[in-house]
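FYI, side chains are in, hydrogens and waters are out, and symmetry mates aren't considered; it's all heavy atoms of this structure. Computed from a predicted structure; not experimentally measured.
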Amino acid sequence: MIERSLADWLAYLERLHPVSIDMGLERSREVARRLGLGRPAPRVVTVTGTNGKGSTCAFLAALMGAQGLRVGVYSSPHLLRYNERVRIDGSEVDDAALCQAFAVVEAARGGITLTYFEMGTLAAFWLFERAGLDAAVLEVGLGGRLDAVNLVDADVAVVTSIALDHAEWLGDTRDSVAFEKAGIFRAGRPVVCGDPDPPMPLLERAASLDAPLYRRGPDYELIPGEGAWSWRGCGATGERLELEGLPLLDLPVESAALALQVHALSGLPWEAGSIAPALGATRLGGRLERRRIRWQGRRLSFLLDVGHNPHAAAYLARRLAARPPVGRRLAVFGLLADKDLSGVLEPLLPQVRHWAVAPLPTPRSLPAEGLAAALRERGASVAVCVDVAEALQAQCQRAVEGDEILVFGSFYCVAEALEWLSRQEEKGDGLAG
């Protein structure tokens, strides 16, 4: 038998099931039973939400790792490499391990077809069980109730935020979205919610399961300060805890505050001397990521963010307004066709002087001409480019020192930009970090 490479496996997984998304746990549960899968780790935190899942998972892993725990993180989607989805102690699992895990799941599934995500989830769980983890942080792919990650009973369920996205699967109201996300709750086990105004179905689900609910506002809060921020919340026995003078962060402080409340319930040591450095050192590619490049003798600044729905765009706009560039802000933008274009554009229009739009390397992309038409209707200056690389070059030609090039709208857009920046480094134009 010829061994498959990771690229071969991923291409195979894309063809395995008739549709790319097939909500439901029955098929995955049966294959997990055949594999003899139990819990991926003694301590499990499952994270769902419309936005902020990835950064929350990163903060949780950093806080637990700072206490000496061996932590596995399963997340999606990836930016540049599939390996980003399965990390142990901060390092991506290598190709050989992933291929072995896929082969094991493939042998167990028999005639049961699984989606790309379901195969990846079961493979990650198989790897985690064999890694001797102390804790696993699991990011829900879509929704919660019917997502393959929900095969595992979490010790703590986390909801980052609730907004409209993926309406074809989760419904077109916050109530319907909340109902799906509350599907990860378990009887008697804590729920931590970062949404300041959670819809009633979420509250009702927690109450019906007698699951202790910790909410932003009533139970924990973040307090902005001058050059720093503070946190107040409660421990597992109701004691009040606080941290003062926490460092400003590139990743959303809301995600850090949410992770701190989970940490406060964990029974792990509450030590500012380890907590603050762990938060400050946490990074996540494509989330408010800053890069610089020397381009034709000029030092140019980039900000890359995978915000692709109205809730994420509004948050990004607030962060941009709080930190304006010395010069202009120029945007490189691409979006998938199933996203709310108007909802993404409106918050960011006041922040951007000129736009360069491009199609994305997927059949799901919105055409660049459609993006440009929507921007021109709103009075924006816009150029249409054949791809993201051309859009980046166009904005680099336009930019002067002090300008900032914002790249956002889709994981595909940010991934293309990161690859382009890497190519500039290889050619010797010189990335400055």
Side-chain angles (χ1 to χ4, degrees), residues 43-67 69 71 73 135-140 144 154-162 178 181-182 184-186 188-199 202-203 205-207 209-225 228-249 251-282 284 315:
R43 184 192 301 258
V44 177
V45 180
T46 298
V47 180
T48 188
T50 305
N51 295 300
K53 296 189 296 293
S55 53
T56 300
C57 289
F59 283 124
L60 286 168
L63 289 169
M64 289 189 281
Q67 300 299 327
L69 272 61
V71 184
V73 179
V137 180
L138 309 177
E139 179 184 343
V140 168
D155 298 293
V156 180
V158 179
V159 181
T160 60
S161 61
I162 299 171
K181 296 190 184 304
I184 69 169
F185 300 176
R186 296 297 188 269
R189 299 187 182 182
V191 173
V192 183
C193 180
D195 194 300
D197 183 28
L202 185 146
L203 304 178
R205 180 64 175 168
L209 293 171
D210 198 23
L213 177 60
Y214 298 85
R215 295 170 52 186
R216 179 181 172 186
D219 303 298
Y220 80 90
E221 58 182 333
L222 61 94
I223 303 98
W229 61 286
S230 302
W231 180 92
R232 299 192 185 106
C234 53
T237 60
E239 72 275 24
R240 299 302 294 175
L241 298 172
E242 63 180 44
L243 289 168
E244 303 286 342
L246 291 166
L248 297 178
L249 305 169
L251 292 176
V253 68
E254 293 83 356
S255 297
L258 180 56
L260 282 174
Q261 181 55 58
V262 177
H263 186 67
L265 301 173
S266 69
L268 295 170
W270 187 261
E271 300 171 347
S274 62
I275 290 173
L279 296 178
T282 303
L284 191 62
Y315 177 81

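Put simply, the side chain of E244 reaches to within 4.5 Å of the side chain of E242, judged on heavy atoms. For the pair I162/P199, a side-chain contact is recorded, criterion being any heavy-atom separation below 4.5 Å from C-beta on. Contact check for T282 versus L249: no side-chain heavy atoms found under the 4.5 Å cut-off. Side-chain contact between I275 and L63 is present, with at least one heavy-atom pair separated by less than 4.5 Å. Looking only at side-chain heavy atoms (C-beta outward), I223 and R232 come within less than 4.5 Å of each other. The closest side-chain heavy-atom distance from L222 to R216 is below 4.5 Å. Using a 4.5 Å cut-off on side-chain heavy atoms (C-beta onward), V140 and K181 make no contact. Proximity of D195 to V159: side-chain heavy atoms (C-beta onward) are nowhere separated by under 4.5 Å.
T160 approaches N51 most closely through the heavy-atom pair OG1-O, 2.6 Å. What you find for V47 and L60 is that their closest heavy atoms are CG2-CD1, 3.9 Å. Contact detail for G194 and L258: the closest heavy-atom pair is N-CD1, 3.8 Å. Taking both residues in full, the closest heavy atoms of G52 and S55 are given as O-OG, 3.2 Å, listed atom of the first, atom of the second, then distance. Of all the heavy atoms in V73 and A61, the pair that sits closest is CG2-CB, 3.6 Å. Pairing each heavy atom of Y214 with each of A236, the nearest pair is OH-O, 4.3 Å.
To the nearest 0.5 Å, the span separating OG1 on T56 from CG on L260 amounts to 10.5 Å. Atom NZ of K53 sits about 7.5 Å away from atom OG of S161, to the nearest 0.5 Å. Atom CG of residue D219 and atom SG of residue C193 lie 10.0 Å apart, to the nearest 0.5 angstrom. One finds the OG atom of S230 at 8.5 Å from the CG atom of L243 (value rounded to the nearest 0.5 Å). Note that CG of L251 is 10.0 Å distant from CG of L279, once rounded to the nearest 0.5 Å.
Shown are D155, V156, V44; of these, the side chain to side chain contact (heavy atoms under 4.5 Å, CB included) with R189 is made only by D155.
Residues satisfying the salt bridge (Lys or Arg N to Asp or Glu O under 4.0 Å) test with R186, not counting sequence neighbours, are D153. A search for salt bridge (Lys or Arg N to Asp or Glu O under 4.0 Å) contacts involving E221 returns nothing, not counting sequence neighbours.
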Please table the atom pairs, donor to acceptor, closer than 3.5 Å between any side-chain atom in residues 261-274 and protein atoms at least two apart or in another chain.
residue	atom	partner	partner atom	Å
Q261	OE1	C234	N	3.3
Q261	NE2	C234	O	2.8
H263	NE2	P269	O	3.3
S266	OG	H263	O	2.6
S266	OG	L268	N	3.1
S274	OG	Q67	NE2	3.1
S274	OG	E271	O	3.2

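In this structure, W229 contributes its side chain and G245 its backbone to no donor-acceptor pair below 3.5 Å. Judged purely by atom type and a 3.5 angstrom limit, D210 has no side-chain atom pairing as donor or acceptor with the backbone of G188. E254 contributes no side-chain N or O that, together with a main-chain N or O of P252, makes up a donor-acceptor pair within less than 3.5 Å. In terms of modelled atom types and a separation under 3.5 Å, the side chain of W231 and the main chain of A257 share a donor-acceptor contact.
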query = Hey, mind stepping through Y220 and L241 against side-chain contact (heavy atoms from CB on, under 4.5 Å) and telling me if it holds?
reply = CA-CA 9 Å; Y220 80 90; L241 298 172; over 6 Å; no
request  = Walk me through it: do R205 and V191 pass the test side-chain contact (heavy atoms from CB on, under 4.5 Å)?
outcome  = CA-CA 10 Å; R205 180 64 175 168; V191 173; over 6 Å; no
